[in-house]
Amino acid sequence: MCRVEEVILTLLQGCNSMHRLRKIHSQAILLGIDHSSAVAGKLLSFCATSSAGNLSYALLLFSRLPNPSTAHWNSLIRGFSVSPSSSYSMSLYNSMVSCSSAARPDAATFSFLLKACSQNGATGKCREAHGSIFRFGFASNIIVCTNLTRAYADNGSVGDARKVFDEMPERDIVAWNSMIACYCRAEMHEEALKVYKQMRIVGFRIDDFTAVGLLSSCAHLGALELGVWVHRFAEENGILDRNVFVGNALVDMYVKCGSLEQACIVFNKMKKRDTFTWNSLLFGLGIHGHGKEAILFFRRMVIAGVQLNSVSFLGLLMGCSHQGLVDEGLEYFHAMSSKFALKPDAKHYGCMVDMMGRAGKLEKAVEFIRASSFVSDPVLWRALLSACKIHKNAEMAEVALGNLIEMSAHNAGDCSLLAGIYASNGNSDGVSKMRKMVKEQGMKTTPGWSCIEVKGEVRKFVVDDISHLDIEEIHKKLMEMINRAIAFGYPAETFKLILREKSPEMYKEWIEHGGSFHSEILAIAFGLARMPEGTILRIVKNMRVCMDCHMLTKHVSRAFDREIIVRDRVRFHHFKDGSCSCNDYW
DNA sequence: CTAGGGTTAG
């Protein structure tokens, strides 16, 4: 390498803007070394991959190279892989392998190509890349495989991702963590925990990345015991203090597992906090029903100079919504754009519709939707529909569903919401009309489930599922539960049939004839049977609690003198002494 | 120029 080349390279080392880069580039041209592989490489990588770079300039530079090297191609492929035109990475790769130049793809080429597949691909693109990786002999490269796993998972093919992972000749901690993260993103949290168990068996220890993935899965599954274990491990191994991600995941885990107190303790102990940390706790206050505290906490955020974002406002507005603080909510909704320069998006609007709707201001909610720029967003009409369910307002619900149908956005859940309203108003024609519609249009229903953690194991119940080995035990407890609840004032209508005939056979028959038990009732019965006296039952479910279950649970909490904490799709219910923290407002 | 893993909302 000649002296001038070294000088140019040194100049490029300190370059931080396109303006400077152009100057250096013209110097290089004057000196006749712009085609030197090293100089061209540095120029390219700056333009293609640095945040101050410029992809068109990178293309220009590249087009002037008579013999681009693998590294040159790689820079360009890498640059496009994270740009809005990530599909161009694939075109570049194709030109690279089809042109007669001496540059062959290396492992890095595939890593960048796969990043592009993650960004915008389809499973088909991943398979194409997979094929090339095989052809060029990189199928056992640990980094390439890790990227391939992620690319498949990001395109919704977690099964393919797992296959690649299983077939890897060896796996390091990054590969394991990546597989766990893939399952987290796919919301397959039980699988994520299983992978972790295997990872431990083969001798890997938890690091920061593992901890974040595990805590996220615990949060989603409500697996408090495992979460507490990860917490202790992270604390003892210093992972917690050095990494803000771990603290954030921990706060979120405690919030989602129903322990707001612990979430606050972790929050207060954290040495460094970012917007995620604050948002997680803000959100936690809201879903635990402390709307007023959420507002105070939000003010604290402003005073502390936290960089607010749109999620912050979503948390705040949801907090207001759960407690019926409509005036405050409206005030902050307006302040969001006028004082904080943040544009509310469809979710914020949806939250406002929910807020007004639940407070019974259905007309106002409709006006709000019609006046907004999101009239054609299904989220808003769906929020209205749910509010109609609470207030048993069939006419308004028909309007909401009508709009959803018009934009072809209706699903089975929407139809059964209206069916539920008809049912509670005694309109059986309406109910069958809705059922027919779901059937005829082949809409898929989401099965309801509830989880409960007993002795560190997460047990999942699905509606009407009687396939459990210990169903007799659950059934027995269920009968006792209902009888005692009735003794404490629970209206018995719903369970008349069972109460007349108290045999397990009748239980099965009840289900087979269309009578049903929501999954949370099964989970609560199981918890009562298995958890020691005095312990809190923690249930996590994927749907909202229904009025019936809510009332039954209130009575059960008194009849058995048990605290029961249920996390439904949007918030927490703390049942104690016959009442619920939501004050029946949800 | 020299590759891969993470958190909040819905």
Side-chain angles (χ1 to χ4, degrees), chain A residues 9 12-13 36-50 58 68-79 81 105-115 118 138 141-151 153 168 171-182 184-185 187 192 207-217 219-220 239 243-253 255-256 263 273-284 286-287 309-318 345-348 350-351 354 377-379 382-383 569-570:
Chain A
L9 287 174
L12 279 168
Q13 202 74 48
S36 120
S37 184
V39 171
K42 267 248 183 228
L43 285 167
L44 256 177
S45 88
F46 181 89
C47 296
T49 66
S50 95
S69 71
T70 300
H72 296 146
W73 282 101
N74 287 356
S75 283
L76 214 54
I77 293 173
R78 178 185 186 179
S81 72
D106 61 6
T109 316
F110 291 110
S111 292
F112 300 137
L113 182 65
L114 288 166
K115 185 150 269 175
S118 285
F138 293 101
N141 181 299
I142 202 165
I143 298 176
V144 172
C145 286
T146 304
N147 275 316
L148 187 55
T149 314
R150 194 198 154 119
M168 283 168 76
R171 295 165 205 91
D172 59 9
I173 191 158
V174 179
W176 282 100
N177 286 343
S178 178
M179 192 66 240
I180 291 175
C182 286
C184 290
R185 276 194 302 274
E187 292 181 58
D207 72 0
D208 333 19
F209 290 86
T210 329
V212 170
L214 282 181
L215 288 169
S216 166
S217 290
H220 285 274
I239 298 172
N243 193 324
V244 70
F245 281 73
V246 179
N248 292 349
L250 206 48
V251 170
D252 177 54
M253 186 278 291
V255 161
K256 297 248 180 73
R273 302 185 192 103
D274 61 12
T275 303
F276 278 80
T277 329
W278 289 86
N279 284 355
S280 295
L281 200 55
L282 175 66
F283 177 74
I287 60 175
N309 62 20
S310 66
V311 178
S312 315
F313 279 88
L314 210 55
L316 175 66
L317 295 175
M318 279 177 67
D345 63 29
K347 286 162 206 151
H348 300 92
C351 200
D354 186 58
D377 194 313
V379 173
R382 195 161 286 134
R569 199 161 50 80
V570 300

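Every heavy atom of this structure was used, including side-chain atoms; hydrogens, water molecules and symmetry mates were not. In what follows, chains carry the letters A, B, and so on, assigned in the order in which the sequence lines appear, proteins first and then strands, with residues in each chain numbered from 1.
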Distance-only donor-acceptor test, Asn248(A) side-chain atoms vs dG6(B) base atoms, 3.5 Å: no

Send over the distance from Asn147(A) CG to dG6(B) C1', rounded to a whole Å. 15 Å

Could you tell me whether Asp274(A) contacts a base, only the sugar-phosphate backbone, or nothing, with contacts defined as non-hydrogen atoms closer than 4.0 Å? nothing

How long is the line joining CZ of Phe138(A) and P of dA3(B), in whole Å? 14 Å

Between dA3(B), dT8(B), dA9(B), spot the one nearest the side chain of Ser111(A), thanks. dA3(B)

Indicate whether OP1 or OP2 belonging to dG4(B) is found under 4.0 Å from a side-chain N or O atom of Lys115(A). yes

Whether Lys347(A) contacts dA9(B) is assessed here as follows: a side-chain N or O lying under 4.0 Å from the phosphate OP1 or OP2. Is that the case? no

Whole-Å distance between dA3(B) C1' and His72(A) NE2? 17 Å

In whole angstrom, what separates Lys256(A)'s NZ from dG10(B)'s P? 8 Å

Can you check the Glu187(A) CD to dA9(B) P distance for me, whole Å? 10 Å

Name the closest nucleotide to the Asn279(A) side chain, picking from dT8(B), dG4(B), dG6(B). dT8(B)

Testing dG4(B), dA3(B), dG10(B) for proximity to the side chain of Val144(A), the answer is dA3(B)

Between the side chains of Ser111(A) and Asn147(A), is a donor N or O closer than 3.5 angstrom to an acceptor N or O? yes

Ile287(A) CD1 - dT8(B) P separation (whole Å): 12 Å

Do any N or O atoms from the side chain of Ser178(A) and from the backbone of Ala175(A) form a donor-acceptor pair under 3.5 angstrom? no

Just checking Asp207(A): base, sugar-phosphate only, or nothing, at a heavy-atom cut-off of under 4.0 Å? base

Between P of dC1(B) and CZ of Phe46(A), the distance in whole Å: 13 Å

Taking only side-chain N and O atoms of Arg569(A), does any of them lie within less than 4.0 angstrom of OP1 or OP2 on dG10(B)? no

Distance check: side-chain N/O of Arg150(A) vs OP1/OP2 of dA3(B), anything under 4.0 Å? no

Rounded to the Å, how far apart are Trp278(A) CH2 and dA9(B) C1'? 19 Å

Below the 4.0 Å mark, does dG10(B) have OP1 or OP2 next to a side-chain nitrogen or oxygen of Arg382(A)? no

With a 4.0 Å cut-off on heavy atoms, is Ser45(A) in touch with a base, just the backbone sugar-phosphate, or nothing at all? sugar-phosphate

